[in-house]
Amino acid sequence: MARTLKRGAAFVALGRALTSGARGGPSLGARIGALPRMIAATARGRYDGGLRLAMMTAATAYIVSPIDAVPEMFLTVFGLIDDAVMVTWLAGAVLAETERFLEWEARRSSVVPGHVVP
């Protein structure tokens, strides 16, 4: 049940992210351009996307790996379906996370660094 809900949430995020550029949200180009900044900010410990980036990296490795949970060679259609689901989840996760990162980046740019003096 939880797995189905996560998959459903990824599909909803993918659909929302693909149409958000038309609704005034970040464009696909802005999202793709944010990926290197998001990875760098996560590596420096400034952004809390470590687990999500690890999951996206694992999904990418699964997709490009010749070793598959459901082999295409034996189960043709079913072997391709698991890859299609993974690609769709990955696309939705990347789009949702880059939107979250761009919002974090915008909030962060409006904050003036310093210390509060009582």
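All values reported here derive from a predicted model rather than from experimental measurement.
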Check step by step if side chain to side chain contact (heavy atoms under 4.5 Å, CB included) holds for Tyr47 and Arg108.
CA-CA 10 Å; Tyr47 182 65; Arg108 189 172 160 90; over 6 Å; no
Test of understanding: with salt bridge (charged side-chain N to carboxylate O under 4.0 Å, His left out), list the residues that count as partners of Glu103, not counting sequence neighbours.
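By the salt bridge (charged side-chain N to carboxylate O under 4.0 Å, His left out) rule, Glu103 matches no residue at all.
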Would you please name every residue forming a salt bridge (charged side-chain N to carboxylate O under 4.0 Å, His left out) with Arg46, sequence neighbours left out?
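With neighbours one apart ignored, the set is empty.
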Yes or no on side chain to side chain contact (heavy atoms under 4.5 Å, CB included) for Arg37 and Leu102, after CA distance, side-chain angles and deciding distance?
CA-CA 10 Å; Arg37 295 191 315 270; Leu102 288 169; 3.5 Å; yes
Cluster check Val85, Val64: I/L/V/M/F/W/Y, side chain < 4.5 angstrom
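No, separate clusters.
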Closest contact, heavy atoms only, [X] versus [Y]:
| X | Y | result |
| --- | --- | --- |
| Ala41 | Phe101 | CB-CE1, 4.0 Å |
| Leu90 | Ala59 | CD1-CB, 4.1 Å |
| Ala30 | Pro26 | CB-CB, 4.5 Å |

Which pairs pass salt bridge (Lys or Arg N to Asp or Glu O under 4.0 Å) with one or both residues in residues 47-60, sequence neighbours excluded?
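Every pair satisfying salt bridge (Lys or Arg N to Asp or Glu O under 4.0 Å) with a residue in residues 47-60: Asp48-Arg52, Asp48-Arg100, Arg52-Glu97.
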Using the side chain to side chain contact (heavy atoms under 4.5 Å, CB included) criterion, which residues pair with Ile39? Sequence neighbours excluded.
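Ile39 satisfies side chain to side chain contact (heavy atoms under 4.5 Å, CB included) with Leu53 only.
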How would you list, by chain and number, every residue that makes a side chain to side chain contact (heavy atoms under 4.5 Å, CB included) with Leu35, sequence neighbours excluded?
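For Leu35 the side chain to side chain contact (heavy atoms under 4.5 Å, CB included) partners, ignoring immediate neighbours, are Met38, Val94, Thr98.
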